[in-house]
Each structure stands twice: as structure tokens, then as C-alpha cells.
Amino acid sequence: MKVVIIGNGIAGITTARHIRKQSDHEILVISAESEHFFSRTALMYIYIGHMKYQHTKPYEDWFWEKNRINLHKAYINTIDFDTNTLKTANREEISYDKLVIATGSVTKKIGWPGENLKGVQGLYSKQDVELMETNTQNVKHAVIVGGGLIGIEMAEMLHSRGIEVTFLIRENNYWNSVLPIEEAMLVSRHIAEHGINLIPNTELEEIIGDNDGRVKAVKTKTGKTIDCEFVALTTGVTPNIDFLKESALETDRGILVNDFLETNIPNVYALGDCAQFKNPKENHPPVEQLWYTGKMQGKALAKTICGQKTKYERGIWFNSAKFLDIEYQTYGLMFNKPFATEDTFYWEHPKGKIGMRANFSKTDGSLSGFNFFGMRFKQTVADTWIRNGNHISNCIAQLNEGFFDAEFNKNHHKKIVESFNTAHPKHQATIAKKKKFLIF
Amino acid sequence: MKIIQKIGLAIFLICFAIFISLLGLGKYQLTEVSFKASVTDSTHQALLAPNIQQMLGKTYDSKIDFITDYNKSLDKTNQKFKDNQEWDKVIYTDYALAITKNSTIGFVKDNQMLLFYICFVISALGGAIYMVADLFIHPVAGIKNNDIFKRSITSRGIIAIFFSVFLVVFYLFLYKAPAYISNWVLLVDPLSFSLTGGEASHWFLYGFLYSIIMLTMGIRMYVKYRHNTYQMVRTTSVIFFQLAFAFMIPNILTKLQLPAMDFKNMWPLDYTFFFDYRLDSLLSAGMLGYWMLGWGIFLFVVGVPVMVYFFGKRWYCSWVCGCGGLAETFGDPFRQLSDKSLKAWKYERVIVHSVLVFAVIMTAAVLYTFFTGASTILGINTYAIREIYSFAIGFVFAGAIGTGFYPLMGNRVWCRFGCPLAAYLGLVQRFKSRFRITTNGAQCISCGNCSTYCEMGIDVRAYAQKGENIIRASCVGCGVCAAVCPRGVLKLENLAEEGRFDIYTRPEEQ
Ligand SMILES: Cc1cc2nc3c(=O)[nH]c(=O)nc-3n(C[C@H](O)[C@H](O)[C@H](O)COP(=O)(O)OP(=O)(O)OC[C@H]3O[C@@H](n4cnc5c(N)ncnc54)[C@H](O)[C@@H]3O)c2cc1C
Ligand code: SF4
Ligand code: SF4
């Protein structure tokens with residue numbers, strides 16, 4: 001059987017690797033962006049100079065041949081679902097028995113006036129980094145539009161080159177659409193600390209070009225004009241499925257799939273950033289645009305393709321990011337406000353760069369999720385506690401079990417417990433006495 | 001602040017240029033006094049005297065001529081004895097450095113102290129200014145390896161190649177022709193007199209340079225990792241062991257006329273530990289000598305397995321060891337240059353374990369000769385084995401390549417491919433230890449920072465992205481992979497042995 005996968009990102013490649021682990025199917029991965037699989041999440045580090053492109057490749061180049069995963073660098077123009085053939089931009093025809101579509105995302109553009117000017121771009125692909133390299137030569141002032149995860153990365157990238165950055169966000173504080181206000185403020189302060197000019201409550205009206213078709217300023221909805229030579233558009237990404245729009249494949253924002261990642265056409269599957277779940281789990285996004293989810297989906301799909309039909313299960317939600325120098329880890333469903341049935345506890349270090357939040361049920365005190373800022377925490381511990389609905393008092397009392405900061409780093413457990421006990425007198429946490437034992 | 005940083009760099013570079021140019025400065029004049037002060041053995045004095053007559057009182061403008069003339073005199077002296085088959089009279093002691101140093105006159109000699117301050121103190125201050133200025137240029141603490149792959153010196157550019165050649169040449173002179181760097185040794189003479197009571201050897205100079213380089217580059221580590229206590233503590237530890245154990249204590253022992261010993265250096269890294277001259281010196285030093293011998297043996301027989309079991313190889317390699325100490329301070333800017341390929345790992349395993357075997361065989365042969373007095377074993381001269389080891393491993397591998405190739409192959413070339421002690425520690429770490437780098441569930445985004453910055457060339461990401469703990473014989477526990485990981489995926493820790501090889505699978509995937 002010949003399995004053809006379009007897209008060599010984390011979703012497509014995980015599928016390919018796991019099919020190989022379980023079967024002898026012929027595997028062909030077709031992708032247009034790069035010869036080999038690389039880590040999209042590391043693109044910023046190429047620009048900053050922490051790494052070169054070659055370092056972002058998780059597998060050495062010989063890996064693919066050794067594992068009989070055929071690679072082909074080409075762009076797919078159309079898919080003929082009746083004859084099971086793909087047509088590439090070079091008019092090659094490639095047939096398949098099973099087709100996996102993992103084409104990822106593209107930068108979302110909203111149709112702002114001037115969004116196609118020179119010096120205006122988003123960040124998604126390897127080519128985008130290369131473009132950014134040329135676009136930011138001799139740039140003194142840049143504007144970032146939209147305050148999500150890619151926005152903060154681009155801010156860090158530009159800032160690393162000594163470019164003055166103005167960061168326009170729609171909310172009052174950075175990423176307040178997702179982060180609770182305390183955390184959003186914590187990050188906003190940190191952004192300011194770096195000398196990045198965060199401008200809240202501001203939306204873009206238009207981008208103004210000069211005579212050469214290059215950006216020279218932006219105008220905000222409040223009528224302010226900001227001079228700049230570079231504009232980063234980071235208001236989100238959207239599934240990369242334009243080339244499928246006219247086909248028989250059922251799409252909405254993304255390619256519609258069921259929990260088995262099957263599309264409406266037999267033997268055709270979709271996953272990763274480009275897929276949209278028809279029936280997403282309650283409170284879960286229909287389109288999961290994450291590294292981790294692409295990987296988990298790929299593992300499930302490989303099983304299905306190899307004959308062991310397997311539902312994709314998201315499990316307990318988790319994610320992480322880094323806002324300049326502050327790391328962020330989250331476990332369970334954490335939004336900017338707790339659910340009505342939940343209570344919340346937030347602790348912040350007096351210096352304002354470390355913080356943690358726990359949400360828990362108002363009725364039985366069971367833990368539903370954590371946010372950590374500037375503090376590392378073990379996924380296994382958080383996952384188990386949330387899954388089992390452990391009581392918040394016990395969780396707070398046992399936080400030590402999950403702390404994951406480097407050895408010798410300061411442990412804030414005591415302060416957190418004190419703060420919790422004051423904030424929630426109803427639930428008291430007591431730290432178990434440390435067992436004393438002799439080392440030798 | 002950028003200007004201040006540049007000034008610091010300029011100060012350092014000027015001092016460095018002066019330091020280098022010293023090699024060509026100075027005049028040389030052999031006198032009765034300098035001759036006697038250098039050739040301390042009175043029989044040798046008498047034997048050499050007739051042939052150095054023509055050098056006496058003559059002023060040499062060039063060091064090379066001076067050394068050439070001395071060598072000629074020496075050869076002439078020895079040739080006679082060789083012709084006459086008077087082997088016991090042949091002079092093997094190398095007096096070239098001492099004679100050259102003590103015969104130096106003129107600028108360098110007259111400005112000894114001033115030049116000492118310029119070359120070592122002010123240059124280090126310049127370096128320190130350069131490092132500390134970064135506190136103001138990057139006022140917010142955090143991992144900033146910005147532009148590391150864009151700078152020539154840290155990305156195998158032309159400057160890196162020059163620097164590497166410089167280091168290799170330096171080691172060549174240090175080991176093989178120290179007389180040519182006599183002016184540098186001359187500068188540390190006063191310091192040596194006050195510390196050890198005797199004049200400086202080139203090894204004293206080396207130890208001193210080693211210490212100030214570690215100190216200055218240690219400042220860089222403190223600035224760079226000020227947000228990471230593990231790195232701060234570890235850096236303090238290596239600097240302490242260098243200054244106290246490797247530099248001060250042996251010199252003080254010398255002053256007290258006791259056998260000098262670096263109490264943290266350990267066989268088989270310290271491959272001369274069982275050489276006859278060292279055993280003799282220990283055995284003739286009474287109780288203290290016996291204790292030193294016992295301590296040296298205790299370190300690798302008991303110390304290694306016990307400490308590695310509890311803490312991993314790191315307790316030595318990135319907390320105590322001198323080679324490791326240099327690698328972790330001076331070498332830190334080059335850590336990203338180590339080769340991460342599977343092929344490199346294969347070479348590494350073969351080479352490093354071969355060196356271990358070689359070290360064991362060489363030491364066994366040396367001890368055989370020491371105890372039986374027989375100089376050959378199975379027809380092979382034990383002295384020859386020892387010479388080959390000293391040259392190939394001790395000089396070429398550990399010195400010239402080990403440090404000289406920092407700018408080309410990363411800061412742990414020796415530790416990774418050559419160090420027999422690392423091989424031994426590694427075997428314990430791999431098979432019987434509580435140490436591991438824990439991977440945090442499925443949080444890895446395969447970005448590659450950890451692998452890129454692993455000085456031992458371990459492909460950390462290959463484990464992390466599978467949810468597997470990192471347990472590798474070569475891991476020196478520097479903790480930098482964990483420090484640079486942007487997602488908090490890695491943690492070095494000592495936990496119970498069971499479960500250390502477990503791979504994380506999400507409950508949904510079990
Ligand atoms: C800068 C940045 C930082 C990020 N950081 C994080 C993070 O920290 N954590 C996290 O969880 N997620 C992060 N993400 C999101 C994450 O990278 C994506 O969710 C993930 O890479 C998507 O993987 P995928 O396999 O679905 O698609 P992709 O990786 O986009 O792969 C799809 C590939 O298919 C190719 N392709 C598309 N159409 C065609 C066609 N017609 N013919 C041939 N080839 C085609 C594309 O060129 C592309 O190479 C980040 C994303 C970006 C851009
Ligand atoms: S640095 Fe961290 S996230 Fe990046 S590959 Fe390594 S373990 Fe994974
Ligand atoms: S694996 Fe990590 S701790 Fe071990 S040597 Fe490499 S970077 Fe250092």
C-alpha cells in the first residue's frame with residue numbers, strides 16, 4: 001500500500017514515522033517548503049543567531065532513507081480524489097492508496113489596506129525568516145500588530161537586533177484574551193522591562209507605503225500615525241487549504257475531520273494545523289494549532305492507517321511558551337476567567353516575575369488546572385492530579401513533587417502555601433514534614 | 001555601555017598584543033652568575049663550562065641565536081661523551097629555559113613588574129570590563145546566545161581558525177620548547193618566588209595563566225547565567241578547585257619542601273601518578289607522602305564509584321576537574337561547535353574507551369618496572385610505552401588538540417574523545433547511578449537548543465522529544481541543555497535508580 005503525505009511538518013512526519021514503525025507500507029512525503037523536516041517552533045532562534053537552520057532539523061539527513069520514508073520536494077496544485085492522483089506544480093502526477101493532508105497554516109491577513117507592501121510580513125515559514133532577514137536590514141523602527149505567541153516571538157527577534165519595537169495589541173494587557181489579568185499584567189510588565197513599547201487597546205487601521213511601495217508608517221484606529229520601516233502581522237494563522245477549496249473535500253476554516261482524523265472522502269485523512277474537528281470536545285478549539293497536538297494526532301492516525309482504528313484523544317490540555325525571558329507552562333483548561341463552577345488561586349512573587357495559578361472546583365475542591373510563570377512544573381504530576389481531581393489543599397501542600405526548576409534554585413513552596421491559606425481559609429494546606437534521612 | 005564594553009575589549013587586546021610582542025623583545029647575555037643560577041647541578045656546570053665559554057659576556061639581540069648557541073654548546077658537550085661511550089655523563093636535563101630566562105637583560109628584565117601588571121592584571125581587568133558591561137547591555141537576565149552563529153570567533157570563522165592555530169602553537173612551545181617563551185616565564189618569577197620560594201618554571205606560568213583565564217571567564221559565566229543558581233554554584237566550584245587545589249596548595253607544598261600534589265587530580269587523567277619519580281618522591285616524604293599516595297588511590301577506587309552513584313559524573317567533570325573547569329569557563333563560548341551526529345558518537349565511544357585501555361596498560365607496565373626493576377615486558381620497553389602515552393595522549397590529545405581545538409570542535413574535545421577518567425566515570429554513570437536528566441512529559445517542541453548547546457555533542461533533543469530521560473555515559477552534567485531549553489523540559493537530578501530509563505507515554509497512548 002502506498003501512503004502519500006502532503007506536508008513534512010510535525011503532523012505529517014509523525015504520521016510517517018509511526019506508520020514505518022508499525023508497517024511496511026510505502027511512504028512518500030511531499031512538501032514544498034523544505035527538503036527535510038525542521039522545527040517550526042525554532043524559527044525565531046535562527047534569526048536571533050542562537051542556531052542555524054541545520055540545528056532545527058530533529059533528524060539527521062540519512063534518517064529518511066534508512067527508514068524508507070521517501071521525500072519529495074514539490075508543491076501540490078490539485079488533488080483528483082476520483083483517480084487518487086496528485087498533480088504537482090511541475091505537472092508531475094503522483095498516485096496514492098491513502099492520502100494524508102498535513103499542510104499546516106498560513107499567516108492570516110485580514111485585508112488591511114497596505115498589507116502587501118514591502119516590509120510587511122508575518123512569520124510562519126522558513127522563507128518568512130529569510131524574508132525577514134532582508135526586510136529588516138537597516139530598519140530602525142518596527143511595528144507588531146497583534147499580541148499572540150508569534151507576536152511576542154517577533155518582538156524578541158527584532159529587539160535582539162536593537163530595532164525599536166512598538167507592539168500594538170487590542171486588549172488592555174498582553175494576550176489577555178487567553179491569560180487571566182494578573183498573568184497578562186506580569187507579561188506586559190516584562191515586555192516593558194525590555195524596552196519594548198507595548199501599546200494596549202489599539203487596532204490597526206491601515207499601513208502606509210512610500211513611493212517605492214515600501215512601508216513607511218502605520219495608522220491606528222485611534223488615528224495615530226507611527227513611523228516604521230517594518231510591520232509584523234501576527235494576528236493569527238489560518239489553515240493552509242486554499243488549493244483544496246474547489247474540491248470535493250469538505251472544509252470550513254480547515255479540512256473537516258472526525259475524531260479519527262478521517263475526512264468526508266474515504267482513505268483521505270487530515271491532521272495538524274490544517275484540520276478542523278467537526279465535533280470538538282467541549283471548550284476545546286476546533287482547530288488545534290500546536291506542535292504537541294500535531295504530534296499526538298500523527299501517532300493516532302498512524303495506528304488507524306496501519307489497521308488499528310484509533311480515536312485521537314487530546315487528554316489533559318497542556319501547552320507552554322516563553323515570553324522573552326519568562327517561561328510559561330499550563331496544564332488543564334485555563335482561560336482568562338475561571339469557569340463559573342471554579343474558584344481560583346493566584347500567587348505572585350513580590351518581584352513580579354514568577355507566578356502560579358490553580359483553578360479548582362467550588363464544590364468539591366478538585367483541581368482543574370495550573371498556570372506557571374517563570375517556574376517549571378512536571379507534566380506527569382499536573383496531569384495526574386487534574387485527571388484524578390485531587391483536592392486543591394493536597395495539591396498546594398504537595399507542589400514540591402512537581403517543581404522542575406534547576407537544582408539550587410529558590411523554592412517558593414512555603415510562601416505559596418501561606419498565601420493560599422490566607423486567600424482560601426476554607427481549604428487549608430499543610431506541608432508534610434520532610435523525612436530526614438542520612439545520606440551516607 | 002557598548003562603548004565601555006569596547007574599551008574593555010581594547011584594553012585587553014592591547015595588553016595581549018604587548019604580551020605577544022614580549023616574545024621578540026629583550027637581549028640576552030650569559031654570565032658566570034646566570035649560568036650558575038640556571039645549571040644548578042654542579043657536575044653539569046663543570047661539564048658544560050668549557051663549551052659555553054665563548055657565549056659568556058656576549059650580548060645577543062635575538063633569543064633564537066642565543067638558544068641555538070646554547071644548544072650547540074650542549075650538543076658539543078654531549079657528543080664527546082657519546083663518542084667516548086660515557087653514557088652516564090650525558091646531560092639530559094633541559095636547562096634551556098632557565099638559562100635563557102636568567103640571561104635576559106634589557107627592557108623586559110628592567111620592567112618585569114610593570115609588564116606583569118600589564119600582561120596579567122590589566123588585561124584581565126579589560127576582559128572583566130568587557131564581560132561585566134553585558135549586565136547593562138542586557139539588563140534583563142535570561143538566556144541570550146544572540147548572534148553566536150553570526151560571529152566569526154564562535155562559529156568557526158576566520159578569527160576562530162587563527163585563534164585555534166595560536167592555541168596549538170602555544171601548547172607546542174609550552175611542552176616542547178619552553179625556552180622560546182622564557183620572557184613570559186620571567187614575568188611570573190617574582191610571584192613564584194613569593195609562593196614557592198623558587199624561580200618559575202613554564203608549568204608555573206601555565207598554572208597561573210590557567211587560573212586567571214578561568215577567573216576572568218568565570219565572571220562571564222556569572223553574568224550570563226545570573227538567573228540560574230545551578231550554573232552560579234557550579235562555576236564557583238570549578239574556580240575554587242582551580243585556585244585552591246590546582247594552584248595554591250601545590251605551590252605552598254613546594255615552599256614547605258613537600259611533594260607538590262593537586263589533591264583533586266586523579267589517575268588516569270593524572271597519568272603520571274604512578275610514574276617512578278612521583279612514587280619515589282611520595283615514598284620518601286614520610287607519613288604525609290604515604291597519605292598522599294593513599295588519597296590518590298582512594299579517589300579513583302572509592303571516590304569515583306560512590307560519588308558517581310549519588311551525583312553522576314558531574315561531581316567531577318563540571319564541578320571539580322581542571323580540564324572541565326577551563327572548558328566550562330574559557331570554553332563556554334564554543335560549546336555549540338561540538339559535533340552532534342551519530343557518527344561522531346560512534347567515533348567517540350571507540351576512541352575514548354581505547355584511551356582508557358591504553359592508560360591502564362601503560363600504568364600497569366610502568367608499575368611492573370617499578371616493582372620488578374625489569375625495563376621490558378614481553379619484549380616491549382615500558383619506558384617507550386610511557387613516552388608514547390605522554391606524547392600522544394598527554395601532549396597532543398589533552399593539550400594541543402584538547403584546548404587548541406576549542407574554537408573548531410567545541411570546548412570538550414578532550415573530555416569527550418580522549419579523557420580516560422571521563423570514560424571510567426561515564427561507565428559508572430551509564431550503568432550504576434542515580435543521576436539522570438529528566439524529560440518533562442511531552443512538553444518538548446524539538447526546537448534543538450539543548451542539542452546545539454550540549455558541549456558533549458549529545459543529541460539531547462532525540463531523547464527529549466520521545467519523552468525519554470537522558471542517560472548518557474558522556475554527559476558531564478553541565479546543566480546548560482536545561483538552562484537553554486525554552487520550554488522547561490529538562491532537569492538534572494539525582495533520584496532513585498529504578499525507573500530512570502522509563503519513557504513517558506500519555507495515558508491516552510498507553
Ligand atoms: C514562529 C512559530 C512558533 C511556534 N511556536 C510554537 C510553540 O512554541 N508551541 C507549539 O505548540 N506550537 C508552536 N507553533 C505552532 C506549530 O509550529 C504548528 O502548530 C505546527 O508546526 C503545525 O504543524 P503541521 O505539521 O500541521 O504543519 P506545518 O508544519 O505547517 O507543515 C506543513 C507543510 O506542508 C507544506 N505544504 C502546504 N501546502 C502544500 C502543498 N499544497 N504542497 C506541498 N506542500 C505543502 C508547507 O509548506 C509546510 O511545510 C509555532 C508556530 C510558529 C510559526
Ligand atoms: S531545548 Fe527543550 S524544547 Fe527544545 S528540543 Fe531541547 S528539550 Fe525540546
Ligand atoms: S546533556 Fe546537558 S548536562 Fe549533559 S553534557 Fe550535554 S548539555 Fe551538559
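Chain letters run A, B, ... following the sequence lines, proteins first, then strands; residues in each count from 1.
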Enquirer: Under 4.5 Å heavy-atom distance to chain A, tell me which part of B/T438 shows up: side chain, backbone, both or neither.
Expert: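 B/T438 touches chain A through backbone and side-chain heavy atoms alike.
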
Enquirer: If we define contacts as heavy-atom pairs under 4.5 Å, which of B/D459, B/V233, B/D147 has the most with chain A?
Expert: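 With the most close heavy-atom pairs to chain A, the winner is B/D147.
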
Enquirer: I'd like to verify something: which residue of B/N440, B/N145, B/T229 has the highest number of heavy-atom pairs under 4.5 Å with chain A?
Expert: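 Most pairs with chain A among the choices: B/N440.
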
Enquirer: Which bit of B/V489 is near chain A, if near means a heavy-atom gap under 4.5 Å: side chain, backbone, both or neither?
Expert: backbone

Enquirer: Side chains of A/Y331 and B/Q443: is there a donor and an acceptor less than 3.5 Å apart?
Expert: yes

Enquirer: Could you go step by step and tell me if A/E288 and A/R314 meet the salt bridge (charged side-chain N to carboxylate O under 4.0 Å, His left out) rule?
Expert: CA-CA 10 Å; A/E288 295 185 333; A/R314 178 67 174 81; 3.6 Å; yes

Enquirer: Considering only heavy atoms and a distance below 4.5 Å, find which of A/A406, A/P58, A/A382 pairs most often with chain B.
Expert: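 Most heavy-atom pairs under 4.5 Å with chain B: A/P58.
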
Enquirer: Please state whether the side chain, the backbone, both or neither of B/Y230 comes within less than 4.5 Å of a heavy atom of chain A.
Expert: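 Its backbone and side chain both get close to chain A.
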
Enquirer: Does any heavy atom of chain B fall under 4.5 Å from the side chain of A/Y59, the backbone, both, or neither of them?
Expert: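 Side chain of A/Y59 only, per the 4.5 Å heavy-atom cut-off to chain B.
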
Enquirer: Between B/A442 and chain A, with a heavy-atom cut-off of 4.5 Å, which part of the residue counts as in contact: side chain, backbone, both or neither?
Expert: both

Enquirer: By a 4.5 Å heavy-atom criterion (distance strictly below it), what part of B/S446 contacts chain A: side chain, backbone, both, or neither?
Expert: both

Enquirer: Give the ring-plane orientation class for B/Y453 versus A/H50, where under 30° counts as parallel, over 60° as perpendicular and anything between as tilted.
Expert: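 Answer is perpendicular, since the angle exceeds 60°.
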
Enquirer: Relative to chain B, which segment of A/E313 carries a heavy atom at a distance below 4.5 Å: side chain, backbone, both, or neither?
Expert: both

Enquirer: Relative to chain A, which segment of B/Q231 carries a heavy atom at a distance below 4.5 Å: side chain, backbone, both, or neither?
Expert: neither

Enquirer: So which part of A/L43 gets closer than 4.5 Å to some heavy atom of chain B, the side chain, the backbone, both or neither?
Expert: neither

Enquirer: Go through the atoms of A/K52 and report whether side chain, backbone, both or neither lie under 4.5 Å from a heavy atom of chain B.
Expert: both

Enquirer: Quick check: are there more than 12 heavy atoms from other residues, nucleotides or ligands sitting under 6.0 Å from NZ of A/K410?
Expert: no

Enquirer: If only atom types and distance count, is the side chain of B/T439 paired as donor or acceptor with the main-chain N or O of B/E468 below 3.5 Å?
Expert: yes

Enquirer: Should we say atom CD of A/E65 is surrounded by more than 12 heavy atoms from elsewhere, each under 6.0 Å from it?
Expert: no

Enquirer: Using every non-hydrogen atom in the two residues, find where B/D339 and B/A344 come nearest and quote the distance to one decimal.
Expert: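 It is CG-CB, 3.6 Å.
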
Enquirer: Report, as yes or no, whether the 6.0 Å neighbourhood of atom NZ on B/K150 holds more than 12 heavy atoms from other residues, nucleotides or ligands.
Expert: yes

Enquirer: Can the positive tip of A/K309 be found less than 6.0 Å from the middle of the six-membered ring of A/F260, inside 45° of the ring normal?
Expert: yes

Enquirer: Between chain A and each of B/C447, B/S155, B/G441, count heavy-atom pairs under 4.5 Å; write down the option with the most.
Expert: B/C447

Enquirer: Output the option from B/P507, B/G479, B/A483, B/S451 having the highest count of non-hydrogen pairs under 4.5 Å with chain A.
Expert: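 Counting heavy-atom pairs under 4.5 Å, the top option is B/P507.
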
Enquirer: Per the ring-ring contact (aromatic ring centres under 6.0 Å, His included) rule, which among A/F404, A/F318, A/F370 passes with A/F377?
Expert: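 Single ring-ring contact (aromatic ring centres under 6.0 Å, His included) partner of A/F377 among A/F404, A/F318, A/F370: A/F370.
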
Enquirer: Please classify the contact of A/Y45 with chain B as side chain, backbone, both or neither, using a heavy-atom distance under 4.5 Å.
Expert: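 Side chain of A/Y45 only, per the 4.5 Å heavy-atom cut-off to chain B.
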
Enquirer: Quick one: what part of B/K144 sits under 4.5 Å from any heavy atom of chain A, side chain, backbone, both or neither?
Expert: both

Enquirer: Is NZ or CZ of A/K126 both nearer than 6.0 Å to the six-membered ring centre of A/Y53 and within 45° of the ring axis?
Expert: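 Yes, A/K126 lies over the aromatic ring of A/Y53.
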
Enquirer: Pick one of side chain, backbone, both or neither for B/H227, based on which atoms fall under 4.5 Å of a heavy atom in chain A.
Expert: backbone

Enquirer: Is the terminal nitrogen or CZ of B/R487 (NZ for Lys, CZ for Arg) located under 6.0 angstrom from the six-membered ring centre of A/W291 and within 45° of that ring's axis?
Expert: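 Checked: cation-pi criterion not met.
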
Enquirer: So for A/F403, is it side chain, backbone, both, or neither that comes closer than 4.5 Å to the heavy atoms of chain B?
Expert: backbone

Enquirer: Can you see whether A/Y47 has A/R161 sitting over its ring - NZ or CZ less than 6.0 Å from the centre and within 45° of the normal?
Expert: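 Judged by the rule, A/R161 and A/Y47 form a cation-pi pair.
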
Enquirer: Which atoms of A/K57 come close to chain B, meaning under 4.5 Å heavy atom to heavy atom: side chain ones, backbone ones, both, or neither?
Expert: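 Backbone only.
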
Enquirer: As a test of understanding, state which of B/I148, B/V484, B/V480, B/N411 forms a side chain to side chain contact (heavy atoms under 4.5 Å, CB included) with B/Q336.
Expert: B/I148

Enquirer: What part of A/M296 gets closer than 4.5 Å to chain B, counting heavy atoms only: side chain, backbone, both or neither?
Expert: both

Enquirer: For A/N319, is it the side chain, the backbone, both or neither that has a heavy atom under 4.5 Å from a heavy atom of chain B?
Expert: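 When you check distances to chain B, only backbone atoms of A/N319 fall under 4.5 Å.
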
Enquirer: With a 4.5 angstrom heavy-atom cut-off, could you sort out which part of B/L490 is near chain A: side chain, backbone, both or neither?
Expert: backbone

